[in-house]
Amino acid sequence: MNYEPVIGLEVHVQLKTESKLFCGCSTKYGAGPNSQVCPVCLGMPGVLPVLNRRAVEYAVMMGLATGSRINHESVFARKNYFYPDLPKGYQISQYEEPLVEDGHMDIEVDAATKRIGITRIHMEEDAGKLNHGATAEEAGSSFVDLNRTCVPLIEIVSEPDIRTPDEASAYLKAIHDIVVYLGISDGNMDEGSFRCDANVSVRPVGQEEFGTRTEMKNINSFKFVKDAISYEIDRQIEAIEDGEKIVQETRLWDSQRGVTVSMRSKEEAHDYRYFPEPDLMPLVVTEEMISDLKDSLPELPAAKKVRFIEEYNLPPYDAGVLTSERPLADYYEETVKLAGDAKVASNWIMGELLRLLNEENRSIEDCPVGPEALTELIGMIKKGAISNKVGKDVFEEMYKSKKSAEAVVKEKGLTQISDTGELSGAIDKVLSANPDEVERFRGGETKLMGFFVGQTMKATRGQGNPGLINKLLKEKLGG
Ligand code: ADP
Ligand code: MG
Ligand code: ZN
């Protein structure tokens, strides 16, 4: 029997506001435990929440960026449960009447575009954090840090439209790119600013009805989401084939062991007893506020990609890479503006620059070679001062030492050899060292030209002017 997976993601995004969702405490990450708390976020009796306007604006922006409907009126609700990281005993969230509904996200997998529906985007406050004793002394104890309580989140719930682990990871990446582009979140997955729950079920191909789903909580990497879903699909199919029944449950992805493990089943699941938050008025968002926010939206990755393809004549793949992050797209456009050649700029950035950055897992924002420095290097190659090949070594040195292209070329004596006499001598040596090849060339094997050029470049340590070498070789070989 063939099975088809059905997947839906719930993505939690921490919004990049200065203060928390319902109080003035700082949201800054990494402060000492319980240093950023007040009676409101500690849930003391008698306190009242006051909604953070910026957080609402950010949530609306995400709604607009996903083509969703923004509800003019939405309602906050209390989600009740008991857990040591939740001092109030409830989380303020939105339930039956969320702020944003009915949107979509277009993803690209295997060169095809697919639309994933977004059911809803609602606002909620985060809970605190439990740190389980890491040292021997602390073993067996857990520590409660409430700095994170009341930090603003949006939860983006997808339709069960995703069908493969690759689609899930592409969807998560697309959502991630957009929230970072919009500047509404730092998207930092290690610090928990961006995490998702993956719901997975399988059904026999052709069956209309969905199978029973399991949910994997708090996945914080694009790779983990793919691995966890792949594992879970296989596990479910195997269980069904063995005649077992899938139980609806929450499972945990153990990335160390590469397996999902059961956490709690539906029977033990929380009954949240949602009810409207009595301390907050319904949230009203006016048409004017929505249209102002619409005007303030930056160009989004998908639109930017289309523009890059048209304006700079780039292949879709390159345009996709260059627009995946706003600072990278800005870097590219700045370089094109300075260097004047869209294709050459793209080759350098897609090639050497991203290669070096990726090696160190470094972001474009702290790239040691800026657009001006890269443009200078491109200019030297264009002028013929150095060859393209030497240019790559120069670039690497610029990247390591932060020196200018001129300085590196001067220091290392890498100036291109355009002296006819010197090149001629090098070519003569190459030709006399390879008499067989010369014979074959003269016999009509003209594709050996590349071989001679390569040998001469090698002999000049990459510094020979390739145009001139070609010309001289043709003369000497009588081609
Ligand atoms: P809950 O609030 O209990 O988590 P929801 O109905 O809001 O449940 O669904 C949560 C997520 O699960 C959504 O992203 C939805 O698309 C997905 N989902 C629902 N049913 C299935 C299913 N049978 N298989 C896979 N995913 C599903
Ligand atoms: Mg859920
Ligand atoms: Zn507070």
Side-chain angles (χ1 to χ4, degrees), residues 308 312-315 317-319 321-322 328 331-360 362 364 367-427 429-431 446-477 479:
F308 273 29
Y312 302 124
N313 227 332
L314 295 177
Y317 175 78
D318 298 28
V321 172
L322 292 172
L328 182 61
Y331 184 107
Y332 173 71
E333 292 207 276
E334 184 64 26
T335 310
V336 174
K337 214 167 74 193
L338 295 168
D341 191 325
K343 187 62 196 153
V344 170
S346 147
N347 286 346
W348 276 100
I349 296 170
M350 296 280 298
E352 298 311 294
L353 188 129
L354 285 181
R355 180 177 65 78
L356 292 171
L357 286 175
N358 289 341
E359 266 172 22
E360 295 183 297
R362 206 160 168 176
I364 185 77
C367 178
V369 182
E372 295 83 11
L374 176 57
T375 299
E376 189 198 322
L377 173 66
I378 292 173
M380 289 181 77
I381 295 167
K382 218 184 252 167
K383 269 197 324 225
I386 51 171
S387 69
N388 201 56
K389 188 170 172 298
V390 167
K392 289 186 179 172
D393 298 335
V394 173
F395 182 83
E396 192 155 346
E397 187 56 34
M398 291 165 70
Y399 183 92
K400 279 191 199 136
S401 66
K402 290 194 181 181
K403 287 186 183 141
S404 73
E406 284 245 28
V408 173
V409 167
K410 208 179 248 167
E411 249 168 51
K412 304 221 154 189
L414 292 172
T415 314
Q416 179 157 284
I417 303 164
S418 296
D419 180 274
T420 314
E422 195 178 340
L423 288 179
S424 204
I427 290 173
K429 271 189 209 145
V430 166
L431 295 185
T446 50
K447 68 170 193 300
L448 280 166
M449 191 57 151
F451 166 76
F452 293 122
V453 173
Q455 290 298 308
T456 313
M457 284 303 275
K458 210 166 138 192
T460 56
R461 297 197 340 271
Q463 283 168 256
N465 177 330
L468 204 51
I469 290 176
N470 256 292
K471 184 167 157 270
L472 291 171
L473 270 169
K474 278 195 189 127
E475 284 168 15
K476 286 180 195 284
L477 289 164

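- Nearest heavy-atom pair, Pro368 versus Arg362, reported as atom, atom and distance to 0.1 Å: CG-NH2, 3.7 Å.
- Atoms OG and CE, on Ser404 and Met380 in that order, are 8.0 Å from each other to the nearest 0.5 Å.
- Taken from CG in Leu468 to CG in Asp419, the straight-line distance is 9.0 Å, to the nearest 0.5 Å.
- Of all the heavy atoms in Thr456 and Ala426, the pair that sits closest is CG2-CB, 4.3 Å.
- Counting heavy atoms from C-beta on, the side chains of Leu473 and Asn470 never come closer than 4.5 Å.
- Nearest heavy atoms, Pro371 versus Thr375: O-OG1, 2.7 Å.
- Between Ser346 and Ile349 there is no side-chain heavy-atom pair separated by less than 4.5 Å.
- The two residues Val430 and Ala459 come nearest to each other via the heavy atoms CG2-CB, 4.5 Å.
- Of the inter-residue distances, the one linking Glu397 atom CD with Lys402 atom NZ reads 14.0 Å to the nearest 0.5 angstrom.
- With no hydrogens or angles considered, no side-chain donor-acceptor pair links Tyr399 and Glu352 at under 3.5 Å.
- Here the side chains of Lys389 and Pro466 are not in contact, with every heavy-atom distance at 4.5 Å or above.
- Counting heavy atoms from C-beta outward, Leu477 and Leu431 have side chains that approach closer than 4.5 Å.
- Counting heavy atoms from C-beta on, the side chains of Ile378 and Leu338 never come closer than 4.5 Å.
- Here Ile364 contributes atom CD1 and Leu328 contributes atom CG; the two are 5.0 Å apart, rounded to the nearest 0.5 Å.
- Across all non-hydrogen atoms, the minimal contact from Ala345 to Thr335 is CB-CG2, 4.0 Å.
- Counting heavy-atom neighbours within 6.0 Å of Glu406 CD, excluding the residue itself, gives a total of 12 or less.
- For residues 337-348, the set of pairs meeting the salt bridge (Lys or Arg N to Asp or Glu O under 4.0 Å) definition, not counting sequence neighbours, comprises Asp318-Lys343, Glu334-Lys337.
- The closest donor-acceptor contact from the side chain of Tyr312 to the backbone of Glu333 lies at 3.5 Å or more, if one exists at all.
- The CZ atom of Arg355 lies 8.5 Å from the NZ atom of Lys392; values are rounded to the nearest 0.5 Å.
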Set out, in order, the CA-CA distance, both residues' side-chain angles and the distance that settles side chain to side chain contact (heavy atoms under 4.5 Å, CB included) for Leu322 and Tyr331, then state yes or no.
CA-CA 9 Å; Leu322 292 172; Tyr331 184 107; over 6 Å; no
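- Between Val408 and Asp393, every side-chain heavy-atom pair lies at or beyond the 4.5 Å cut-off.
- Here Ser424 pairs with Lys476 under the side chain to side chain donor-acceptor pair (under 3.5 Å) rule; sequence neighbours left out.
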Can you list the steps and then say if Gln463 with Met457 is a side chain to side chain contact (heavy atoms under 4.5 Å, CB included)?
CA-CA 7 Å; Gln463 283 168 256; Met457 284 303 275; over 6 Å; no
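- Here the straight-line distance linking atom CD1 of Ile417 with atom CD1 of Ile386 works out to 13.0 Å at 0.5 Å rounding.
- By the ring pair (Phe, Tyr, Trp, His ring centres under 6.0 Å) test, Phe395 is found to be paired with Trp348, residues two or more places apart in sequence or in another chain being considered.
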Checking Leu314 against Tyr332 for the side chain to side chain contact (heavy atoms under 4.5 Å, CB included) test, could you report, in this order, the C-alpha distance in whole Å, the side-chain angles of both residues, the deciding distance, and whether it holds?
CA-CA 12 Å; Leu314 295 177; Tyr332 173 71; 3.7 Å; yes
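- Cys367 places a side-chain heavy atom less than 4.5 Å from the side chain of Leu353.
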